[in-house]
Number of protein chains: 4
Amino acid sequence: MKTVEDKKTQIINAAVEVFAKQGLEKGKIADIAKVAGIGKGTIYEYFKSKDEIFGAIENMFIGDSVSQIDKLANSKKTPRKKLEEIVNYSLNMHGLMGDAAYIIAELWAQHSREQLQGHKESHFANMYSYFYDTVINILDEGIKANEFRKMDKNGIATLLLALIDGIIWQSVIFKGDMEFNLKIQAAIKSFMEGIKK
Amino acid sequence: MKTVEDKKTQIINAAVEVFAKQGLEKGKIADIAKVAGIGKGTIYEYFKSKDEIFGAIENMFIGDSVSQIDKLANSKKTPRKKLEEIVNYSLNMHGLMGDAAYIIAELWAQHSREQLQGHKESHFANMYSYFYDTVINILDEGIKANEFRKMDKNGIATLLLALIDGIIWQSVIFKGDMEFNLKIQAAIKSFMEGIKK
Amino acid sequence: MKTVEDKKTQIINAAVEVFAKQGLEKGKIADIAKVAGIGKGTIYEYFKSKDEIFGAIENMFIGDSVSQIDKLANSKKTPRKKLEEIVNYSLNMHGLMGDAAYIIAELWAQHSREQLQGHKESHFANMYSYFYDTVINILDEGIKANEFRKMDKNGIATLLLALIDGIIWQSVIFKGDMEFNLKIQAAIKSFMEGIKK
Amino acid sequence: MKTVEDKKTQIINAAVEVFAKQGLEKGKIADIAKVAGIGKGTIYEYFKSKDEIFGAIENMFIGDSVSQIDKLANSKKTPRKKLEEIVNYSLNMHGLMGDAAYIIAELWAQHSREQLQGHKESHFANMYSYFYDTVINILDEGIKANEFRKMDKNGIATLLLALIDGIIWQSVIFKGDMEFNLKIQAAIKSFMEGIKK
DNA sequence: GATGAATGAGGGTTCATTCAT
DNA sequence: CATGAATGAACCCTCATTCAT
């Protein structure tokens, strides 16, 4: 039995596919409908507008990311393992979300523009602050457990988050380049070396 | 006396202003003309299409970045100083290019999409490879000069580039947040500490 | 026990309410269903199309008007009294039919257009001719009864019908204006004075 | 040389033709463009929206009517002659404005609806008040000139305006019916008889 | 009979591009 | 060269109607 939520998900998935291929603005509602295998009008039974679809994708991405990071942060693993898994999750996200990275980039830009113009608060900024706090906690934990050396936690946390973003960002461009994946692994190792006791 | 190049620059500047405020797709040719203080038709005397304006902005950005990095890399400074200045240049770029960061993000996404679909080669990827090689050289230089410790150069270079991108990316969101600027400085310092001898 | 006719009436009433508020074209079937407290699909069990609902409203209006005028015309009152009551009935119709006056205006226009284009005969025109004959008869009666002076019956009948329409028409605009109501009473009195013996 | 005003008039004329034939809502912008012999987009160079076209038609109608009535009221004719000409002008308006009567009816209904819902003040109501005052003045003039008998001016003025509206309204339905025209003439004559000294 | 989810034709509006001046 | 009036393809969204349940 299909619930409303199922249907929404079906549409969102089609939308992600279409927007990834054509871009947020060029992606047509008609195409989303075709991909979802439903009629154009049906989409409007579940979303008031194209903008609302944007919002839903954004929320899905943010929700998924937060819950995933949460799960990793609250696991029984060692701090070092936690950090590695957070980085790897982010790395894999591109694969997990399919081509969603393009979409996130555009939503991000769009959102930031609107935020700048005072239209709305940034969900992305909130997400960031949350991730930042989470990383700080793990670092603390690691220091107390004598696993990490004493460090400027703010600097390292910022470095780590920037690293993750940078990797995602670049992976958009170097998609499918095997050599790039090796470089990333090397980068992560170098980072972890830098903070270990 | 206005050369053709001057006029093109005038249009590009107007385009950057408009696209930054409205986005690549929502930014209208009519608005660019208005901001540039010329007629709508005149734009088409200098650019064949809106897409060509996108390309010109992209080239300008890549050209500026490459020449700037080049200049820094070939200066007489110490390797450590060179790296710091490269990072700082990138950091300031957001300020230097005004609101161009939004635009770059969208061009990037657009470009990656087209690349994925086999339409054209990625200027961004080329730019990256170039930056990567430049950083590797500086690291090499630093190790030989006994300024940097022995390290996995590939990992560290990748880490550095990702750091730069991540910072730019996040600065889009945290624009104007003073605390964020402090965190960035801390992150850079942490990174430099990690590679020094 | 609800008969089919009851259900139709229920729908018509809802339709009148909706059309009065939103107009014939802007008034949505979905809203009618909501107001009627039934499902959208149910409306199509009783009416083949939106146009058929228009027709039903029109028929109801014409039927109500004709039967009412008939009743008044065939009553035992004096001719003068009859005319006064016909006018007053029309005057009150606006109140009786709620906001139906707007609807009638639009149906009228729509109908006239279709008639002009040869699509169908005008029920409104038939209704008019009937009213016209009725008034002529009452005038005759009044003249014979020595209650009305000799007159050009055609002219006076036309004048009276136009007066009624004009008042309804204007009352749409001056709805709720007390002063306007006084003016109308004065107009009717003036008219009656003009035909009395 | 075509001015902007000329172009607007050209579009309005096409719009009147289209709306008269199809109705306000069913009349398509595309059709207006076709009738005007211009491109669809061009219409939006001169009018912001379909609603603005409605407004322009309304203003044209009201402006024309007011200026015409004004001219008649301020002429050197006798009061009786003035009234006759005002009535005749209104009668002819249907012919003068082509099929505009249908349009006016719908604008009227639309406008009244909006007014009722508090959206805007009614231009039509203002026009009415103006006509009313004008007629009162003429009646006054006629009484002083011993041309009209003493009367309830408010009643007679209201009667006259209602007569005019009623005639226009009915002429929509009886368009082209010669007998109807005779009846109207008879009605006017009857009215004039009723007020003469 | 009753329902409302699904549909897609249709229309208002936008805007990149053209071209006559 | 420069212009901006004109254009029409394109697209979002609405809503009357259908039909499986």
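Convention: sequence-line order gives letters A, B, ...; per-chain numbering from 1.
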- Taking 5' to 3' order, which nucleotide of DNA chain F is first and which is last to have an atom within less than 4.0 Å of a heavy atom in chain B? F/dA2 to F/dA6

- Return the set of residues passing side chain to side chain contact (heavy atoms under 4.5 Å, CB included) with C/Ser49 (not counting sequence neighbours), or none when no residue passes. C/Asp51, C/Glu52

- Query: In dot-bracket form, how is DNA chain E paired, counting a Watson-Crick or G-U wobble pair only if both its distances are under 3.5 Å and using | for bases paired to another strand?
  - Reply: .||||||||||||||||||||

- Task: For side chain to side chain contact (heavy atoms under 4.5 Å, CB included), just list the numbers for D/Asp64 and D/Met60, CA-CA rounded to whole Å, side-chain angles, deciding distance to a tenth of an Å, and then say yes or no.
- Result: CA-CA 6 Å; D/Asp64 282 2; D/Met60 187 187 70; 4.0 Å; yes

- Message: Below 30° counts as parallel, above 60° as perpendicular, anything between as tilted: where do the rings of D/Phe124 and D/Phe61 land?
- Response: tilted

- Just by modelled atom types, is the B/Ala56 backbone N or O under 3.5 Å from a matching donor or acceptor in the B/Asn59 side chain? no

Please tabulate, for the side chains in residues 23-45 of chain A, all donor-acceptor contacts under 3.5 angstrom to protein atoms that are two or more places apart in sequence or on a different chain.
residue: A/Asp31; atom: OD2; partner: A/Gln22; partner atom: NE2; Å: 3.0
residue: A/Thr42; atom: OG1; partner: A/Gly39; partner atom: O; Å: 3.4

- Task: Output all residues satisfying side-chain hydrogen bond (donor to acceptor under 3.5 Å, both in side chains) with D/Asn126, sequence neighbours left out; order by chain, then residue number.
- Result: D/Glu121

- Note on the structure: Between NZ of A/Lys50 and P of E/dT14 the distance, given in whole Å, is 16 Å

- Task: Return each pair, listed once, that meets salt bridge (Lys or Arg N to Asp or Glu O under 4.0 Å) where at least one residue sits in residues 101-111 of chain B; pairs must be two or more places apart or across chains.
- Result: A/Arg113-B/Glu106

- Exercise: identify the closest heavy-atom pair between D/Lys8 and D/Tyr46: CE-O, 3.3 Å

- Query: Whole-Å distance between E/dA9 P and D/Lys26 NZ?
  - Reply: 18 Å

- Task: Check the distance between E/dA2's P and C/Ile29's CD1 and give it to me in whole angstrom.
- Result: 16 Å

- Contacts satisfying ring-ring contact (aromatic ring centres under 6.0 Å, His included) that involve residues 14-35 of chain C (not counting sequence neighbours) are C/Phe19-C/Phe54

- Could you tell me which residues satisfy side-chain hydrogen bond (donor to acceptor under 3.5 Å, both in side chains) with B/Gln110, sequence neighbours excluded, listed by chain and number? none

- Spacing between D/Phe54 atom CZ and E/dG12 atom P, to the nearest angstrom: 9 Å

- Message: So, OP1 or OP2 of E/dA2: does either fall under 4.0 Å of a side-chain N or O from C/Lys7?
- Response: yes

- Message: Among residues 33-46 of chain D, which ones have heavy-atom contacts with DNA chain F below 4.0 Å?
- Response: D/Ile38, D/Gly39, D/Lys40, D/Gly41, D/Thr42, D/Glu45, D/Tyr46

- Note on the structure: B/Ile53 and B/Ala15 have their tightest heavy-atom pair at CG2-CB, 3.7 Å

- B/Asp31 CG to E/dT14 P, straight-line distance once rounded to whole Å: 13 Å

- Query: Relative to the 5' end of DNA chain E, which residue comes earlier, D/Glu25 or B/Ser49, by the nucleotide with the nearest heavy atom?
  - Reply: D/Glu25

